[in-house]
Student: 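Before we start, here is the structure in question, set down as structure tokens.
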Amino acid sequence: MTAPHPSLRLRLLAVTLVWTLLSVALAGWGIQRLFRQHIQAQLQSELNIHLNHLTASLQVDEQGQVSLSALPTDPRFGHPFSGLYWQISVPSDGTRFAQLLRSRSLWDAHLPAAAGDLEPGQDATAQVSGPGGKPLQMRLREVHPAEGPIDTLILSVGADEALWAEPVSRFDRMLAVALGILALGMVAAAWMQVGFGLRPLGRLRERLAALREGRADRIEGEFPMEVQPLVEDFNLVLSRNAQGLERARMQAGNLAHALKTPLAVMANAAQAGDPALPRLVAEQVEAARRQVDYHLARARAAAAVRVTGLRSPILPLLQGLVRVMDRVHAERGLAYDLSGVPAELAFRGEAQDFQEMLGNVLDNAGKWARRRVRVTARRTDGELSIRVEDDGPGLSPERAEMVFERGRRADERTPGSGLGLGIVRDLADLYGGWARIEAGDLGGARVVITLPAA
């Protein structure tokens, strides 16, 4: 029992869901971080503004009394424990500050000393524990008054972290809701996109079901450009299979019809007690053998067409056929010229089929040639073009086409079954080529065959 195949829809949706959640999470983390940094920078900027106001309003008289010409205007400085505080102090022992002035919001508390060294012209920031133990963001500045007995003053401004943490928390909640809605929308869009994108595959499955159930003989309809080549290739395979099946049926019928006559002749002769029965049997068996060989050649070629990687060099095959023709037509002293056949040319098919075709053509040329048979070949656009011509009497266009019909011969007085050139055209057609007879340069006929090149 085979394991169920994973759904393409589920795979696409799973990848989209993972990527959407990861993207939304990263985007949320980045936006939240940027917003937090912005709020903190804004808080530090606000503290710096208050610190500048304290510095500009600071006054020290000759008796060392510290005062402010104008109090900070932010109303939170006037509300006890509002979360926003200021303080002016002097160092007492290097680590502790003695408070001189403070905001009303501090009430009876004070801002703690901040660690680190303060230098004139440079502000310091620190996180400390403020009133009620709440964490504070504090900004400090060291000031040296030009007048009075006090050499150094420490200006401090602090803000409760809740002042920026609460907006950040509220923003985080709003961001989570917004990103959640965005993620759901993206998942829904992905679901619709996948469903819409895979709809042609659903139609293709319906067409295949109709094909399987016999309601159609090919896949009909228009499909997207990514699927259409697959559909066209599949239809081509169906068409070739149908043609192959039709050829097989036709060949079976032709073979049965071809064998029926010899069998009937032998049966009648046997029933009549014909004394020439042995000779008659031999003749009819030879006729039946030629018919069987003809149909076997077609079947072999039809199978070879579907095999990839076949390569048959043609020059050695032609040389072997010429040696056979020299013996067959030895009494005529014919000259076979193969100088026009390059050694690198090869046929993309079975060597036996090439020998079957060219053997029939060379034999036919040998029967009609006076002295010379010439063979030339060349390759053009992936095809072999092979020309076999003789210096015989030639053929008229009408007779040239007639000799390709099975059972027809150019001259009934010449021995033969009339199957030779018919086999040539049929085999060439199976390989996607063709064969024809035309007037040759030597004065006789020229047979031209095109075949796929390797």
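Since this is a predicted model, take the numbers as computed values, not measurements. In what follows, every heavy atom counts, from backbone to side chain, and hydrogens, waters and symmetry copies are set aside.
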Student: Please tell me if the side chains of Leu442 and Arg374 come closer than 4.5 Å, counting only heavy atoms from C-beta onward.
Tutor: yes

Student: Any chance you could lay out the side-chain contact (heavy atoms from CB on, under 4.5 Å) test for Tyr85 and Leu136, step after step, and finish with the verdict?
Tutor: CA-CA 10 Å; Tyr85 315 102; Leu136 292 180; 3.9 Å; yes

Student: Any salt bridge between Glu46 and Arg76, counting N to O under 4.0 Å?
Tutor: yes

Student: Under 3.5 Å, side chain of Asp363 to main-chain N/O of Gly359, donor-acceptor pair present?
Tutor: no

Student: Kindly compute the distance separating CD (Gln87) from CG (Leu140), expressed to the nearest 0.5 Å.
Tutor: 9.0 Å

Student: To check you understand the geometry: which heavy-atom pair defines the closest contact between Ser385 and Val448, and what is its length?
Tutor: OG-CG1, 4.0 Å

Student: After noting the C-alpha distance and the side-chain angles of Ser156 and Arg139, does the key distance pass the side-chain hydrogen bond (donor to acceptor under 3.5 Å, both in side chains) rule?
Tutor: CA-CA 6 Å; Ser156 306; Arg139 194 172 184 87; over 6 Å; no

Student: Could you grab the distance from atom CG of Leu12 to atom CG of Leu17, nearest 0.5 Å is fine?
Tutor: 12.5 Å

Student: Checking Gln228 side chain against Phe223 main chain: does a donor-acceptor pair fall under 3.5 Å?
Tutor: yes

Student: Side chains of Thr55 and Arg141, heavy atoms from C-beta outward: is any pair under 4.5 Å?
Tutor: yes

Student: Please check: side-chain N/O of Ser57 versus main-chain N/O of Ala70, any donor-acceptor pairing under 3.5 Å?
Tutor: yes

Student: What I'd like to find out is whether the side chain of Val375 reaches to under 4.5 Å of the side chain of Leu362, using heavy atoms alone.
Tutor: yes

Student: On a heavy-atom basis, which atom in Ala445 and which in Ile437 lie closest, and how many Å separate them?
Tutor: CB-CG2, 4.0 Å

Student: If you define the side chain from C-beta out and look only at heavy atoms, does anything of Trp86 sit under 4.5 Å from Leu54?
Tutor: yes

Student: Let me confirm one number: the OG-NE2 distance from Ser103 to His79, rounded to the nearest 0.5 Å.
Tutor: 12.0 Å

Student: Check for a donor-acceptor pair, side chain of Ser45 on one end and backbone N or O of Ala41 on the other, with a separation under 3.5 Å.
Tutor: no

Student: Measure the shortest side-chain to side-chain distance between Pro131 and Leu106 over non-hydrogen atoms and say whether it is less than 4.5 angstrom.
Tutor: yes

Student: Drop me the distance from Asp160's CG to Ser105's OG, to the nearest 0.5 angstrom.
Tutor: 11.0 Å

Student: Testing the basics here: between Ala159 and Leu47, what is the closest heavy-atom pair and its distance to 0.1 Å?
Tutor: CB-CD2, 3.8 Å

Student: Does the pair Leu317 and Leu315 meet the rule for a side-chain contact (heavy atoms from CB on, under 4.5 Å), with working shown?
Tutor: CA-CA 5 Å; Leu317 299 177; Leu315 183 57; over 6 Å; no

Student: Once rounded to the nearest 0.5 Å, what's the spacing between atom CD1 of Ile314 and atom CG of Leu451?
Tutor: 9.0 Å

Student: Would the distance check show the side chain of Arg379 and the main-chain N or O of Ala454 forming a donor-acceptor pair, the cut-off being under 3.5 Å?
Tutor: yes

Student: Does Glu389 pair with Arg387 as a salt bridge, N-O distance under 4.0 Å?
Tutor: no

Student: Decide yes or no for Asn360 and Asn364: does some side-chain heavy atom of the first lie under 4.5 Å from some side-chain heavy atom of the second?
Tutor: no

Student: Give a yes/no verdict on a cation-pi contact between Arg104 and Phe77, requiring under 6.0 Å between NZ or CZ and the six-membered ring centre and an angle within 45° of the axis.
Tutor: no

Student: Please indicate whether Glu344 has more than 12 foreign heavy atoms, meaning atoms of other residues, nucleotides or ligands, lying under 6.0 Å from its CD.
Tutor: yes

Student: Go through Glu220 and Arg218 one step at a time and tell me if the salt bridge (charged side-chain N to carboxylate O under 4.0 Å, His left out) criterion holds.
Tutor: CA-CA 6 Å; Glu220 301 291 348; Arg218 57 182 285 112; 3.2 Å; yes

Student: Carefully, step by step, assess Gln40 and His38 under the rule side-chain hydrogen bond (donor to acceptor under 3.5 Å, both in side chains).
Tutor: CA-CA 5 Å; Gln40 289 179 343; His38 169 71; over 6 Å; no

Student: Do Val388 and Arg446 have side-chain heavy atoms sitting under 4.5 Å apart?
Tutor: no

Student: For Ala428 and Ile449, work out which heavy atoms get closest and say how close.
Tutor: CB-CG2, 4.4 Å

Student: Under the criterion side-chain contact (heavy atoms from CB on, under 4.5 Å), I'd like the reasoning laid out for Arg9 against Leu13: C-alpha separation, chi angles, the key distance, then a yes or no.
Tutor: CA-CA 6 Å; Arg9 182 190 301 271; Leu13 289 175; 4.0 Å; yes

Student: Please say whether more than 12 non-hydrogen atoms of neighbouring residues, nucleotides or ligands are located less than 6.0 Å from CH2 in Trp434.
Tutor: yes

Student: When rounded to the nearest 0.5 angstrom, what is the spacing between OG in Ser169 and CH2 in Trp164?
Tutor: 10.5 Å

Student: Above 12 or not: heavy atoms from other molecules or residues under 6.0 Å from CD of Gln37?
Tutor: yes

Student: Go through Gln65 and Val60 one step at a time and tell me if the side-chain contact (heavy atoms from CB on, under 4.5 Å) criterion holds.
Tutor: CA-CA 5 Å; Gln65 295 294 323; Val60 181; over 6 Å; no

Student: Provide the closest heavy-atom pair for Leu175 versus Gly28 in the form atom of the first, atom of the second, distance.
Tutor: CD2-O, 3.6 Å

Student: Can you tell if the side chain of Leu208 reaches within under 4.5 Å of the side chain of Ile219, non-hydrogen atoms only?
Tutor: yes

